[in-house]
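Since the structure comes first, as structure tokens, the remarks are kept for the end.
All figures in this text were calculated on a predicted structure; none of them were measured in a lab.
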Amino acid sequence: MSAPAITPVFVRLKLSLLRNGLRQSGGRKAAYITSAVFALLFAALQLIGLIALRGHAHAESVVVLAVAVLGLGWAVMPLFFPSGDETLDPTRLVMLPLRPRPLVRALLTASLVGIGPLFTLCLLVGSVVAVARGGAAFVVGAVAVVLALLVCVALARAVAAANVRLLTSRKGRDLAVLSGLVIAIGAQIVNFGAQRLGASGLGELDPAAGVLQWVPPASAIGAVHAVSEGSYGLAAAQLALSAGALVALLALWSRHLTRLMTSPDGSTLPSAESASKERSSTGLARLLPAGRTGTVMERSLRYVWRDPKTKAAWVTSLAIGLIVPVFNAWQGTGSVYFACFAAGMLGIQMYNQFGQDTSAFWMVALTISSARDAYVELRARAYALLLITLPYATLVTVVTTAMLGDWRRLPEALGLSFALLGAMLATGAWTSARFPYSIPQEGYKNVAPGQTGLAWISIFGGMMAAALLCAPVIALTIWLNVSADGDDWTWLLLPTGTAYGAVLTAAGLKLAAPQTARRLPEILAAVSKG
């Protein structure tokens, strides 16, 4: 008696997971439906745009690059969003009597259910229509669409299976912090590429497309264009590459599934040597001041290194703070004043200081019995932030100035950056005490339900206040630059901005300390909500 097919069971399981997930809350259902509508609308517009490329001289380059980027997206999706699809974790099935090959077929089929595969299908169909000419090309195009779609899905599954032990561990979730970095870099690369294409035309894509047409899954679309040109041998080779890649990915996936089903999980167990080394490491503590100030600074810096949410915020701020001024300088459209973006992005980390502690803030609250205790606590947190921000803002400003060759404006750019940083530290300390909110530890939300208004007031209200506080230094900078002999005195903006930022920081901490000591119960209730 043959075993029953498990593929229909897994397809129904995937549909049940989607349906039951939407039943958990109205907000989740609304978010899913909204994202699905926007994704499908974008897919439809993309399909129309690709079809409109039909007959264009460089259509092949566009679609080959688009499919290559799509394949890259499928490869990195499990690393950046490990909790985005519960079926990506095959360890949930280890107790079931399932063999790897039938399991691979069932999971592969179930993976074709969802918005992502439908979006991919629309892009692939549009790509084929854009480059196919003749009946033979459309026949090959039908095969190419299936091959490319299966390669994308199998690639995501193979990557997830190879890293599932890491991705489902606490340390492994730290990989998600790279998503902010990739998005920031990717947005600037797309912006830079769009400007280059606008100036030079789509012909700039031809060299890259010539290489990527031999890389699956883009090679499948390249085969369609080859058939349209009458190069049947070339098309056969490109299709064979895609088919070989699919077979290799399925074999790799099957091997990792076998290992997952038969080997114990030791990914989260540190070795005794590494644990002992971590316990005995006190290098950071030796470099910090003694007493409460050093203890709070060390705690804050360890949060930056160890807490996934805090690390994600810092990685994103560090990346964007560097990318915006440097990319604009690289394109020749920037200014040394863009370097202030680094200080602004890192200054945001001072906002909602107590919310970053979440429910653990009660241990901090027990040590605060007066405004003096609150002042020392806030001052030490500001010191920890300055330990990273001051050298980083200086580095970004110097690099931006060097790329633009405008060394005369380096002192005023640094002075503005330091003044802005001081203003954001001052307003961040005050809003942390006045408008605290909770940051959920699970998922990708950065604000607990019902506290969105508090977050908006805290961050955007504080940023507007910081901009107003910087108005004197900004006005002085403008006056010196427009006055006849002001260029001889712009160097004064560096010490002026530095001193002004230090005064603002001290004043902000002094004003925030009594608020913090008086509102400890309210702060504790707010940051523990999530």
Would you check if the side chain of [X] reaches a backbone N or O of [Y] as a donor-acceptor pair within less than 3.5 Å?
X: S254; Y: L250; value: no
X: Y303; Y: T310; value: no
X: K311; Y: W305; value: yes

Nearest 0.5 Å, what's the [atom1]-[atom2] distance between [X] and [Y]?
X: L147; Y: L241; atom1: CG; atom2: CG; value: 11.0 Å
X: I478; Y: E412; atom1: CD1; atom2: CD; value: 11.0 Å
X: T397; Y: Y392; atom1: OG1; atom2: OH; value: 10.5 Å
X: S111; Y: K14; atom1: OG; atom2: NZ; value: 5.5 Å
X: L425; Y: Q353; atom1: CG; atom2: CD; value: 9.0 Å
X: L47; Y: F119; atom1: CG; atom2: CZ; value: 10.5 Å

Exercise answer: donor-acceptor pairs, residues 453-465 side-chain atoms, under 3.5 Å, sequence neighbours excluded:
none

Of all heavy-atom pairs between [X] and [Y], which one has the smallest distance, and what is that distance?
X: L155; Y: G71; result: CD2-O, 3.5 Å
X: A59; Y: L53; result: CB-O, 3.5 Å
X: A154; Y: L246; result: CB-CD1, 4.0 Å
X: Q238; Y: A226; result: OE1-CB, 3.8 Å
X: Q213; Y: E60; result: OE1-OE2, 3.2 Å
X: W214; Y: A237; result: CZ3-CB, 4.1 Å

So do [Y] and [X] actually touch side chain to side chain, heavy atoms under 4.5 Å?
X: S242; Y: S219; answer: yes
X: Y337; Y: T477; answer: yes
X: V326; Y: M403; answer: yes
X: W253; Y: L107; answer: yes
X: D406; Y: T400; answer: no
X: F10; Y: R105; answer: no
X: R157; Y: L108; answer: no
X: S432; Y: Y437; answer: no

Stepwise side-chain contact (heavy atoms from CB on, under 4.5 Å) test for L322 and F327 | CA-CA 8 Å; L322 175 66; F327 265 69; over 6 Å; no
Walk me through it: do N481 and R409 pass the test side-chain contact (heavy atoms from CB on, under 4.5 Å)?
-> CA-CA 10 Å; N481 277 278; R409 299 194 184 277; 2.4 Å; yes
Ignoring hydrogens and angles, state whether a donor on the side chain of S317 or Q349 is under 3.5 Å from an acceptor on the partner side chain.
->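 Yes - a donor-acceptor pair under 3.5 Å links their side chains.
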Option passing side chain to side chain contact (heavy atoms under 4.5 Å, CB included) with L124 (candidates V67, V129, V146) =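 That would be V67.
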Anything under 3.5 Å between a donor and an acceptor, one on a side chain of residues 131-143, the other on a protein residue two or more places apart or in another chain? List them.
residue: R133; atom: NH2; partner: E229; partner atom: OE2; Å: 2.6

Can V37 and F42 be said to form a side-chain contact (heavy atoms from CB on, under 4.5 Å), step by step?
-> CA-CA 9 Å; V37 169; F42 183 70; over 6 Å; no
Stepwise side-chain contact (heavy atoms from CB on, under 4.5 Å) check, N352 with T431 | CA-CA 7 Å; N352 197 35; T431 57; over 6 Å; no
